[in-house]
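For reference, the structure is listed below as structure tokens.
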Number of protein chains: 2
Amino acid sequence: MANYKLAIMLQVKDIPNAEILQKFADRYPQTDIKNVMTFLNLLRVGSDLSLGLNSYLAEYDLLQGRWWVLLLLMREDNLSSTPSALAEKAGVSRATMTGLLDGLLRDKLISRVHGKRDRRQILIRMTVLGQAKLDEVMPGYYQRVNQLMQALSETETTQLMSLLKKIYQQRHVFEDESHLK
Amino acid sequence: MANYKLAIMLQVKDIPNAEILQKFADRYPQTDIKNVMTFLNLLRVGSDLSLGLNSYLAEYDLLQGRWWVLLLLMREDNLSSTPSALAEKAGVSRATMTGLLDGLLRDKLISRVHGKRDRRQILIRMTVLGQAKLDEVMPGYYQRVNQLMQALSETETTQLMSLLKKIYQQRHVFEDESHLK
DNA sequence: AGCTTATAGTTAGCCACCTAATCATGTCAA
DNA sequence: TTGACATGATTAGGTGGCTAACTATAAGCT
């Protein structure tokens with residue numbers, strides 16, 4: 001039993017074709033080829049879009065982690081939050097958040113202030129530079145998302161949301177033995 | 001212009017709701033809320049499934065990278081390939097493949113043999129232990145994929161494949177300025 | 001033959017993620 | 001009020017990505 005650690009997604013460039021999957025299906029009879037292909041395609045599309053988003057953000061010296069932190073701060077009325085709250089909302093460990101904040105601080109996009117009431121807490125506030133960075137990045141981001149989603153009609157987008165939601169509800173299948181019949 | 005490096009997907013736990021997106025839409029008028037939400041959900045589902053797959057594989061001391069290498073080798077008639085061919089098919093750099101192969105070698109799941117014709121080449125062959133590992137992992141993998149995809153009917157699965165394909169064709173939107181109108 | 005260029009693989013060093021351990025501060029109950 | 005436990009943040013150490021630089025071998029020209 002190993003420790004599972006990384007959120008790194010394999011960039012599945014070479015999804016097996018039906019013939020190859022059939023070879024596996026012979027060895028492993030439970031295989032449903034169509035299901036596997038759909039699953040792998042879902043992973044691949046997600047991975048490629050994530051990679052693409054990163055490559056866009058990198059033009060502005062950001063990656064998804066630090067960019068998302070700025071977005072979370074922008075949502076707050078006073079542009080402030082704490083490391084643990086940010087870690088929770090971003091879905092990363094507090095240790096990772098410390099690292100992300102280190103990077104943002106280095107680029108002066110945020111500031112760290114020690115809490116007054118609870119001296120364990122640190123208050124993170126987005127700086128004017130941070131806001132400027134976001135103002136630089138976001139228009140192009142929205143433009144590209146729109147461009148991407150133009151591949152689908154309004155109806156298809158609704159459909160996709162609905163299908164994703166159904167799959168999302170099953171997401172614990174890999175983790176939790178009890179979900180198997 | 002920074003260097004873009006990681007295939008790490010942000011685990012977007014906290015997708016903004018319509019109200020928050022509206023706030024951003026006020027600041028950034030090009031925002032199409034529905035498109036953004038669909039995009040973020042696609043990223044999130046991909047990320048969560050990838051994470052789940054990793055957590056399953058970790059029970060067998062594998063992660064997606066090393067697991068995928070074993071699958072690629074299993075496809076080959078003689079269970080053999082070269083590091084560069086594997087890197088190409090797995091969609092990772094040759095340097096990363098070196099690292100993955102190091103790990104597989106440590107666990108004796110593959111063997112390295114120096115090429116005869118071209119002495120620069122190394123031949124990677126899956127060992128009996130490697131095949132046994134895959135035979136251990138794959139049934140549960142297929143079982144879980146089937147379980148996951150039971151969320152969708154046959155028709156819905158076909159629909160999803162079609163929608164994903166349409167989006168996939170637009171995947172260069174983030175990387176290539178010329179795709180913007 | 002001997003240069004130059006291309007190719008296969010590894011190494012070095014960076015980044016973002018993780019868990020576990022640590023340190024400081026708060027809280028609560030005997 | 002003090003000892004046990006909880007909580008916020010950081011540090012240490014490991015993994016798997018990346019690019020760039022390096023070594024060794026091969027191939028192609030002149």
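Chain A is the first sequence line, chain B the second, and so forth, proteins listed ahead of strands; every chain is numbered from 1.
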Choosing from D:dA9, D:dT10, D:dT11, which nucleotide comes nearest the side chain of A:Arg112? D:dT10
Count the heavy atoms belonging to other residues, nucleotides or ligands that lie under 6.0 Å from CZ of A:Arg119, then report whether that count exceeds 12. no
Tightest non-hydrogen contact, residues A:Lys133 and A:Tyr60, listed as NZ-O, 2.9 Å
Would you tell me if any nitrogen or oxygen in the side chain of A:Arg117 comes within less than 4.0 Å of OP1 or OP2 on D:dG8? no
Assign each of A:Gly99 and A:Asp118 to its nearest nucleotide of DNA chain C by heavy atoms, then name whichever residue's nucleotide is nearer the 5' end. A:Gly99
In whole angstroms, how far is the C1' atom of C:dT19 from the CE atom of A:Met97? 17 Å
Hey, does the Lys NZ or Arg CZ of B:Arg171 hover above the aromatic six-ring of B:Tyr168, less than 6.0 Å from the centre and inside 45° of the axis? yes
What is the distance, to the nearest angstrom, from the CZ atom on A:Arg106 to the C1' atom on C:dC14? 11 Å
Whole Å only: how far is the CG atom of A:Leu57 from the P atom of C:dA16? 12 Å
Which distance, rounded to the nearest 0.5 Å, do you find between the CZ of A:Arg66 and the CG of A:Leu105? 12.0 Å
Closest nucleotide of DNA chain D for B:Arg120 versus for A:Arg94: which of these residues is on the 5' side? A:Arg94
Provide, to the nearest angstrom, the distance between the CG atom belonging to B:Leu51 and the P atom belonging to C:dA16. 18 Å
OP1, OP2 of C:dC18 versus side-chain N and O of A:Thr96: anything below 4.0 Å? yes
C:dC14 P sits how many Å from A:Leu63 CG, rounded? 16 Å
Output the distance between atom CD (A:Gln170) and atom CG (B:Asp48), rounded to the nearest 0.5 Å. 13.5 Å
Just compare D:dG16, D:dC18, D:dG8 and give me whichever is closest to any side-chain atom of B:Arg66. D:dG16
Polar pair under 3.5 Å, donor/acceptor by atom type, side chain A:Arg119, base C:dT25: no
State which of C:dT10, D:dT11, C:dA8 makes the closest approach to the side chain of A:Thr98. D:dT11
Round to the nearest Å and state the distance from A:Gln64 atom CD to C:dC17 atom C1'. 13 Å
Whole angstroms only, please: what is the CG-C1' distance between B:Leu105 and C:dG9? 14 Å
Does the side chain of A:Ser93 get closer than 4.0 angstrom to OP1 or OP2 of C:dT19 through an N or O atom? no
For the pair made of CD in B:Gln121 and C1' in D:dA26, what is the distance, rounded to whole Å? 11 Å
Would you mind telling me which of D:dA20, C:dC18, D:dA9 lies closest to the side-chain atoms of A:Val92? C:dC18
